[in-house]
Number of protein chains: 2
Amino acid sequence: MVSYKSIKAEILNGIVGRQWAPGELIPNEEDLARDYGCSRSTVNRALQELADLGILERRRKAGTRVAQRTSRGALIQIQIVRSEIEQSGRRYGYVLLHREVQAADSATAGLIDAPRGKPLLHLRCLHLADGVPYQLESRWISLVALPSARDVDFESVGPNEWLVTQVPYSRSEHIFSAAPPNAEERERLRLRPDEPVFVIERRTWLAAQALTYVRLAHPGLSYRMISREDDLLDETES
Amino acid sequence: MVSYKSIKAEILNGIVGRQWAPGELIPNEEDLARDYGCSRSTVNRALQELADLGILERRRKAGTRVAQRTSRGALIQIQIVRSEIEQSGRRYGYVLLHREVQAADSATAGLIDAPRGKPLLHLRCLHLADGVPYQLESRWISLVALPSARDVDFESVGPNEWLVTQVPYSRSEHIFSAAPPNAEERERLRLRPDEPVFVIERRTWLAAQALTYVRLAHPGLSYRMISREDDLLDETES
DNA sequence: ATCGATAATAAGTCTATACATAATCCCGCG
DNA sequence: CGCGGGATTATGTATAGACTTATTATCGAT
């Protein structure tokens with residue numbers, strides 16, 4: 001029996017082997033089904049998944065063509081900082097530096113995308129790997145969206161870990177940047193002179209409601225964010 | 001008729017509405033098919049797509065459960081630098097600084113993941129937005145994998161643009177970091193004192209063969225890399 | 001109680017068929 | 001020549017049914 005996976009693999013081979021150039025039309029589903037001796041449904045599934053991956057482009061009546069991949073995607077997996085550190089074989093450490101309930105002023109309201117005046121929980125924490133400063137976290141949590149956060153002291157469990165167990169989110173935004181450190185970062189992260197910080201900012205929402213904004217600062221000389229794209233031609237996987 | 005999209009939407013609503021907690025089992029395909037009054041195939045497609053998105057986890061006989069989303073993904077779209085600049089409404093400028101064929105020494109061989117001694121094309125280019133330095137590119141291209149690159153002068157078309165039209169790739173790796181600038185970056189990018197650079201490094205392969213390694217340096221005070229995740233609850237899309 | 005064979009289960013895949021829908025082609029009318 | 005409208009076409013979606021496969025549960029023998 002011809003599987004949709006084998007068809008995926010054959011089409012991919014045809015693409016990387018330049019049998020079909022980018023932009024070129026490939027045969028329609030019926031023809032492929034006849035070629036491979038299977039039903040159109042099977043071909044359809046294979047082509048749809050390749051289209052989902054951005055490798056093919058399909059339009060009704062117009063047919064299926066090899067996509068012009070002018071932009072390259074990189075999928076970043078941002079883990080809980082504890083598991084990130086522990087997976088690299090180091091010991092995780094955590095310190096809560098500051099905890100305060102405040103009303104959203106114009107600056108913080110813009111960051112978290114919540115109305116001014118609403119109550120926010122502001123936290124600052126330091127995460128360490130083998131005792132060395134790894135990440136300085138500055139977080140605001142909307143107490144309108146997450147009132148239960150008011151009763152958590154965050155002394156022993158980081159806000160990151162607490163949030164993922166509590167809250168689903170439906171939308172998120174990440175911003176990555178390189179910045180000169182401010183005074184607190186220079187001290188807490190024990191930065192060397194001229195060492196910049198790598199900054200990750202994240203905002204999450206559930207439907208229209210803002211949940212949290214966080215700024216994560218890492219020492220620039222030791223932190224790397226890595227993204228690997230699996231080999232398309234490895235047929236051992238989905 | 002009940003569409004697989006409406007089922008996807010209802011399941012998602014059940015998840016964000018805490019009808020099913022993370023880790024919890026949801027009904028099996030047959031039951032859902034009866035509930036919704038559709039065939040099992042339709043339910044299957046809906047659940048499979050949610051599993052592909054990482055929202056559900058499925059195992060034969062064990063059933064389908066809501067995934068514990070302990071890591072959050074961010075999909076970065078890295079475009080050709082020309083379109084990145086032009087889409088922001090600015091004028092694109094390009095200068096080739098250096099072009100040289102060289103044999104891979106131990107340092108460059110490690111970067112591009114090619115054997116030592118093989119010929120490489122080394123290019124350095126500056127990309128400008130409205131005349132202001134935007135990105136300093138330093139690239140090595142394997143002339144074993146891409147012999148035709150030897151005959152391209154890259155005076156008017158950047159290597160990035162040439163590569164995407166020429167070459168498919170099957171695997172890639174990206175590394176993002178913040179770094180203090182070296183002397184050339186400070187000068188070419190006209191960095192202010194203490195301004196770091198945001199660095200993107202990319203390597204690509206076709207099957208086992210390394211194609212190219214590139215290091216892209218941006219001025220840290222003006223460059224931001226942004227990733228937005230679409231709202232899962234918006235039913236207007238796939 | 002432990003182990004191993006077997007049954008039961010839920011998802012995974014494939015098929016043939018039907019109809020829906022978007023996009024294109026093309027023809028004929030003005 | 002341009003335009004509108006219908007025919008055509010390729011993909012999109014849904015269905016019932018059958019078979020496969022991974023995994024778990026169970027039951028029986030030791």
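Residue numbers begin at 1 in each chain, while the letters A, B, ... track the order of the sequences.
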Item to complete: For A:Asn44 and C:dC14, give me the distance from atom CG to atom P, rounded to whole Å.
Response: 12 Å
Worksheet item: A:Glu49 CD to D:dG12 P: how many Å, rounded?
Response: 13 Å
Practice prompt. Could you check how far CG of B:Leu32 sits from C1' of C:dA10, rounded to whole Å?
Written response: 12 Å
Worksheet item: Whole-Å distance between D:dT13 P and A:Asp52 CG?
Response: 10 Å
Item to complete: Answer with yes or no whether the side chains of B:Asp113 and B:Trp205 bring together a donor and an acceptor at under 3.5 Å.
Response: yes
Item to complete: Specify the separation, in whole Å, of atom CG of A:Leu47 and atom P of D:dT13.
Response: 14 Å
Discussion item. Between the side chains of A:Glu29 and A:Arg40, is the shortest nitrogen-to-carboxylate-oxygen separation below 4.0 Å, so that they form an ion pair?
Written reply: yes
Fill in: B:Ser39, nearest nucleotide to its side chain (from D:dA16, C:dA16, D:dG12)
D:dA16
Worksheet item: So what does A:Glu30 touch, heavy atoms closer than 4.0 Å: a base, only the sugar-phosphate, or nothing?
Response: nothing
Practice prompt. Could you tell me whether the phosphate oxygens of D:dA10, OP1 or OP2, come under 4.0 Å of any side-chain nitrogen or oxygen in A:Thr64?
Written response: no
Worksheet entry | Test side chain to side chain contact (heavy atoms under 4.5 Å, CB included) applied to A:Arg45 - qualifying residues, sequence neighbours left out | A:Tyr4, A:Glu49, B:Gln48
All N/O pairs under 3.5 Å across the protein-nucleotides 22-25 of chain C interface:
{"residue": "C:dA22", "atom": "O4'", "partner": "A:Arg60", "partner atom": "NH1", "Å": "3.3"}
{"residue": "C:dA23", "atom": "O4'", "partner": "A:Arg60", "partner atom": "O", "Å": "3.4"}
{"residue": "C:dA23", "atom": "O3'", "partner": "A:Arg59", "partner atom": "NH2", "Å": "3.3"}
{"residue": "C:dT24", "atom": "OP1", "partner": "A:Arg59", "partner atom": "NH2", "Å": "2.2"}

Discussion item. Can you give me the closest heavy-atom contact between B:Ser227 and B:Ala74, atom names plus distance?
Written reply: OG-CB, 3.6 Å
Worksheet entry | Sequence neighbours excluded - ring pair (Phe, Tyr, Trp, His ring centres under 6.0 Å) pairs with any residue from residues 65-95 of chain B | B:Tyr92-B:His127, B:Tyr94-B:His127
Fill in: Ion pair check, A:Arg228 and B:Glu173, cut-off under 4.0 Å
yes
Worksheet item: Rounded to the nearest Å, what distance is computed from the CD1 atom of residue A:Ile7 to the C1' atom of nucleotide C:dT15?
Response: 13 Å
Worksheet item: Does D:dT11 have OP1 or OP2 sitting under 4.0 Å from an N or O in the side chain of A:Gln48?
Response: no
Discussion item. Does C:dG12 have its OP1 or OP2 closer than 4.0 Å to a side-chain nitrogen or oxygen of B:Arg58?
Written reply: yes
Discussion item. With a 4.0 Å limit, can you tell me whether B:Lys5 has a side-chain N or O closer than that to the phosphate oxygens OP1/OP2 of D:dG12?
Written reply: no
Worksheet entry | Side chain of B:Arg45 (C-beta onward), nearest among D:dA16, D:dT13, C:dT13 | D:dT13
Worksheet entry | Carboxylate-amine/guanidinium proximity below 4.0 Å for B:Glu30 and B:Arg34 | no
Discussion item. I need the CZ-C1' distance between A:Arg65 and D:dA10, as an integer number of Å.
Written reply: 12 Å
Worksheet item: Picking from D:dA18, C:dA18, D:dA14, which would you name as closest to the side chain of B:Arg40?
Response: D:dA18
Worksheet entry | Length of the line joining B:Leu56:CG and C:dG12:P, which is rounded to integer Å | 11 Å
Worksheet item: Under 4.0 Å: is that the gap between some side-chain N or O of B:Thr42 and OP1 or OP2 of D:dT13?
Response: no
